[in-house]
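First the structure, in the form of structure tokens, and then the observations on it.
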Amino acid sequence: FSYPVRPTNNTFSIGFYENYYKLSGMPGTQDISSLLFTWDYFITLRAQGKVWFAVDNYEDGFGGMQRWGGELFYRIYDHPLLGVGYNRSDIRDNALNFQKRYYMDSYWMSLEYPINGRLTTYGRYGWGTFSDDNYKQEAFAYANYQILFAPHELYLGGQYFYYNVTSPTI
């Protein structure tokens with residue numbers, strides 16, 4: 001469900017989804033029901049953003065957990081788009097994480113720069129903290145070259161991703 005807020009270009013969305021996980025150390029599958037609220041807001045011609053909040057409900061007595069975050073983008077001059085963001089999320093990769101309720105706080109900065117009408121570059125640096133006193137760093141970069149324009153668009157692109165955790169305990 002999505003509702004545009006007039007007279008602005010803002011959009012409020014509500015979504016429900018169901019996830020099933022097979023986790024090591026747990027019999028059967030884990031069912032997670034999530035309710036997601038999203039608000040995309042358009043502040044000015046140069047600034048736009050997004051905020052979200054989700055409530056997850058776990059079966060098998062693990063209770064629920066909340067996730068939230070936001071992003072803000074600002075257009076510098078006419079082309080580059082500078083972004084900053086934050087996200088809190090739970091870690092769902094094994095039974096121990098569910099029981100101990102580990103979570104991660106992530107922060108990032110990004111820059112998208114269209115070099116010309118065909119070539120666009122993007123870079124992002126992120127860092128974060130885990131609830132078990134770990135720390136992470138990540139870097140992401142990509143470039144896209146548009147070969148064909150509308151109505152049949154075709155892009156050629158490449159990307160690089162780096163991820164490092166200081167002292168993995170899980």
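Note that this is a predicted model, so its numbers are computed, not measured.
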key: Partner set under side chain to side chain contact (heavy atoms under 4.5 Å, CB included) for Phe53, not counting sequence neighbours   = Phe37, Val55, Gln66, Trp68
inquiry  = Could you see if Met109 belongs to whatever hydrophobic cluster contains Tyr135? Use Ile, Leu, Val, Met, Phe, Trp, Tyr and a side-chain cutoff under 4.5 Å.
reply    = yes
note = Separation between CZ (Arg88) and OG (Ser106), nearest 0.5 Å, reads 10.0 Å
inquiry  = Tell me whether Tyr122 shares a hydrophobic cluster with Tyr160, the cluster being built from Ile, Leu, Val, Met, Phe, Trp, Tyr side chains joined at under 4.5 Å.
reply    = no
message = According to a hydrophobic-cluster definition based on side-chain heavy atoms being under 4.5 Å apart (Ile, Leu, Val, Met, Phe, Trp, Tyr only), do Phe140 and Tyr162 belong together?
response = no
Interatomic spacing from CZ in Arg75 to CG in Leu82 - rounded to 0.5 Å = 11.0 Å
task = Consider only side-chain N and O atoms of Tyr125 and Gln137, and report whether a donor and an acceptor are under 3.5 Å apart.
result = yes
key: N/O donor-acceptor pair under 3.5 Å between Thr121 side chain and Tyr113 backbone   = yes
Between CG on residue Leu156 and CG on residue Leu148, distance to nearest 0.5 Å = 11.0 Å
ask   = Do Trp108 and Phe73 belong together in a cluster built from hydrophobic side chains that touch within less than 4.5 Å?
value = no
ask   = Quick one: CD on Glu112 to OH on Tyr142, what's the gap to the nearest 0.5 Å?
value = 5.0 Å
query = Would you call the rings of Tyr107 and Trp127 parallel, tilted or perpendicular, where under 30° means parallel and over 60° means perpendicular?
reply = parallel
message = Quick check against the 3.5 Å criterion: does Arg118 have a side-chain atom that pairs as donor or acceptor with the backbone of Ile147?
response = yes
ask   = Short question: side chain of Thr120, backbone of Asn144 - any donor-acceptor pair under 3.5 Å?
value = no
query = In the single-linkage hydrophobic clustering (I, L, V, M, F, W, Y; side-chain heavy atoms under 4.5 Å), do Ile76 and Leu81 co-cluster?
reply = no
note = For Pro80 and Leu111, the nearest pair of non-hydrogen atoms, with its separation, is CB-CD1, 4.0 Å
ask   = Looking only at heavy atoms, what is the nearest atom pair of Gly117 and Gln146, with distance?
value = O-OE1, 4.1 Å
